[in-house]
Amino acid sequence: MDGNQIPPSFFEVSYPRGIPARRPEGHVPAAPRFALRWRHPVPMLVSEYFGVQGAAPGSARARDFVDQMRRWFGEPNGPPAHEVMVCTDEARRPATIVVAYWTSLSEHAAWTTGSSWRTWWDDPARVTEDVGYWREQLACPYDRHETIYSDPGYRIGLGRTPNAELAPITTNGYFGAARDRIPLSAIDELDAPPALSPPQPRLSGAGRRVSVVVPHNLTVLRSGQFWHDSEPEQAEDYELNLRAKLDRGMDHLEGNPRSGCLYLRRMTNLSDTGEPRRETSVYAVFSSLADLESWSASHETHLEIYRHAIAMKRRYGDRRDVVTWHELFVLPGGTLFEYLNCADGTGLLPHSSHLEPSGDIDPSSASGNG
């Protein structure tokens, strides 16, 4: 059994290792960690982000969008898990985001093509509104993903799908561990060929439907924090100390194109009644896994985060109740990210070399939601 120590009753994909693991000889993690597993085959995982851009969080337009998405999710083959979040996005517009999770690509495809959402999405009226919309579909083979949780009692993301369980692992606590947890990394370096067009900051999606083909091995990370139920002292430490370190790391990635981070969104989860929770996550898109690794292994802004986490674990031991987690996808090429009437700088829009006008709409007459 490999360093993940996953019991054989769990579904797993593994390959005879042809590429050396990054795990140091004799490594013993300083703290326990857990990874998601299922007891039935889940060859494909789908995480799809639906966003409305330009509507203030909590506004009637944002609430209507969330309510509509929830109704559509209730139709046949809808996602078994979803969450609602808000942020100021990479185009500096307010955004409300609904992320949905499937563990069946067939059910996702059936819902995408057969639900009422499809008719709404394809309606030319979408690009004439005073808001923008996007959908970013992460359809990922099981052997191209990895997850890690600091607490086995907390569920979010893929962890909210039916029959997901958290199993203990030991492939953690060293640089390169995330790569080692991706099954395909045993036989594939996961290098990313340069496939995106150079950024075009003035490229506008106003009044248009824009589709961007995801390049091979584009890497998408959702990394989160949960301190909603933390004891006061630990919640205060997060809000006064760790959060500032996280923000410095995100500022570095956003402000340095050479980091390989194409864009990121700092999101806050909402409760079922639309209230902000003490639960946040960052959605970050990197050109390659190697770019993400370079920042996490060597840049001071990430090392500062890492050292703080270790110090708090040593201080509180089993009482440590600020939960950290992430899910990571290294995507095969070919998936489309779609942007409708979105502002300059949204998502992969600056890297699009092709704009597809919707009907006979004059882009100069559309608002670009802002």
Side-chain angles (χ1 to χ4, degrees), residues 19 43-51 89-91 97 99 102 105 108-109 112 132-147 176 178-179 181-205 208-223 250 253-265 282-297 326-340 342-356:
I19 297 171
M44 290 289 293
L45 302 164
V46 181
S47 170
E48 183 154 11
Y49 288 76
F50 302 88
D89 70 16
E90 62 280 7
I97 300 166
V99 57
W102 285 261
L105 187 61
H108 171 263
T112 299
Y133 301 98
W134 74 72
R135 60 180 294 235
E136 295 177 345
Q137 174 189 315
L138 316 180
C140 187
Y142 184 94
D143 64 359
R144 286 175 159 270
H145 98 290
E146 62 88 12
T147 61
R179 178 182 289 268
R181 290 191 299 269
I182 299 171
L184 190 62
S185 72
I187 58 171
D188 190 325
E189 295 283 3
L190 300 173
D191 293 334
L196 287 171
S197 301
Q200 303 176 60
R202 300 299 300 170
L203 189 62
S204 175
R208 295 183 169 99
R209 293 175 179 265
V210 182
S211 298
V212 183
V213 179
V214 171
H216 193 57
N217 288 336
L218 188 80
T219 298
V220 181
L221 172 73
R222 183 182 176 199
S223 178
M250 300 310 101
L253 292 173
E254 282 186 310
N256 291 274
R258 291 187 178 182
S259 71
C261 181
L262 302 174
Y263 61 98
L264 62 81
R265 300 173 184 140
V282 171
Y283 172 90
V285 178
F286 289 83
S287 296
S288 69
L289 178 59
D291 286 327
L292 171 58
E293 289 177 313
S294 177
W295 171 69
S296 63
H326 76 233
E327 55 192 22
L328 178 68
F329 306 95
V330 181
L331 300 176
T335 298
L336 293 180
F337 282 13
E338 297 183 76
Y339 305 94
L340 278 59
C342 285
D344 299 4
T346 303
L348 290 182
L349 179 59
H351 299 273
S352 173
S353 59
H354 175 67
L355 294 177
E356 177 188 340

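Remember, it's a predicted structure, so these values are computed and weren't measured experimentally.
- Looking only at side-chain heavy atoms (C-beta outward), S47 and V99 come within less than 4.5 Å of each other.
- Atom CZ in F329 sits 12.5 Å away from atom CG in L218 (nearest 0.5 Å).
- For the side-chain hydrogen bond (donor to acceptor under 3.5 Å, both in side chains) test with Y339, the passing option among E136, R208, R135, R209 is E136; the others fail.
- Between Y49 atom OH and F337 atom CZ the span is 10.0 Å, to the nearest 0.5 Å.
- The CD1 atom of I19 lies 4.0 Å from the CD atom of E189; values are rounded to the nearest 0.5 Å.
- The backbone N or O of L221 lies less than 3.5 Å from no partner atom in the side chain of S223, so there is not a single donor-acceptor pair.
- Note: L45 CG to E327 CD = 9.0 Å, rounded to the nearest 0.5 Å.
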| Between L264 and V285, does a side-chain contact (heavy atoms from CB on, under 4.5 Å) hold up when you go through it step by step? | CA-CA 6 Å; L264 62 81; V285 178; over 6 Å; no
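- The shortest non-hydrogen separation linking T335 to Q137 is CG2-O, 3.1 Å.
- Without hydrogens or angle criteria, H145 side chain to Y142 main chain gives a donor-acceptor distance under 3.5 Å.
- Closest of all the heavy-atom pairs between V210 and L349 is CG1-CD1, 3.6 Å.
- When every heavy atom of A139 is checked against every heavy atom of M44, the shortest pair comes out as C-CE, 4.0 Å.
- Between D89 and W134, some side-chain heavy-atom pair lies under the 4.5 Å cut-off.
- Counting only heavy atoms from C-beta outward, the side chains of P141 and P332 approach each other to under 4.5 Å.
- With E90 contributing its side chain and T346 its backbone, the two residues share no donor-acceptor pair below 3.5 Å.
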List the steps and the verdict of side-chain contact (heavy atoms from CB on, under 4.5 Å) for T219 and L328.
-> CA-CA 7 Å; T219 298; L328 178 68; 3.5 Å; yes
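- The nearest pair of heavy atoms linking L253 to S259 is O-OG, 3.4 Å.
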Working note: E48 + L138, criterion side-chain contact (heavy atoms from CB on, under 4.5 Å); need CA distance, chi angles, decisive distance, verdict.
CA-CA 6 Å; E48 183 154 11; L138 316 180; over 6 Å; no
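- A salt bridge links R179 with E293: at least one charged nitrogen is closer than 4.0 Å to a carboxylate oxygen.
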| field | Verdict with reasoning, L262 to S287, per side-chain contact (heavy atoms from CB on, under 4.5 Å) | value | CA-CA 7 Å; L262 302 174; S287 296; 3.4 Å; yes
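- Using a 4.5 Å heavy-atom cutoff, the side chains of Y263 and L348 are in contact.
- Using a 4.5 Å heavy-atom cutoff, the side chains of M250 and V282 are in contact.
- In this structure, CG in D191 is found 7.5 Å from CG in N217, a value given to the nearest 0.5 Å.
- Below 30°, between 30° and 60°, or above 60°: for W102 and H108 the angle between ring planes is above 60°, a perpendicular geometry.
- When all heavy atoms are compared, the tightest approach of C342 to Y133 is SG-O, 3.1 Å.
- The pair R265-E254 does not meet the salt-bridge criterion, since no charged nitrogen lies less than 4.0 angstrom from a carboxylate oxygen.
- What you find for S185 and L190 is that their closest heavy atoms are CB-CD1, 4.2 Å.
- A donor-acceptor pair under 3.5 Å is formed between the side chain of S288 and the backbone N or O of D291.
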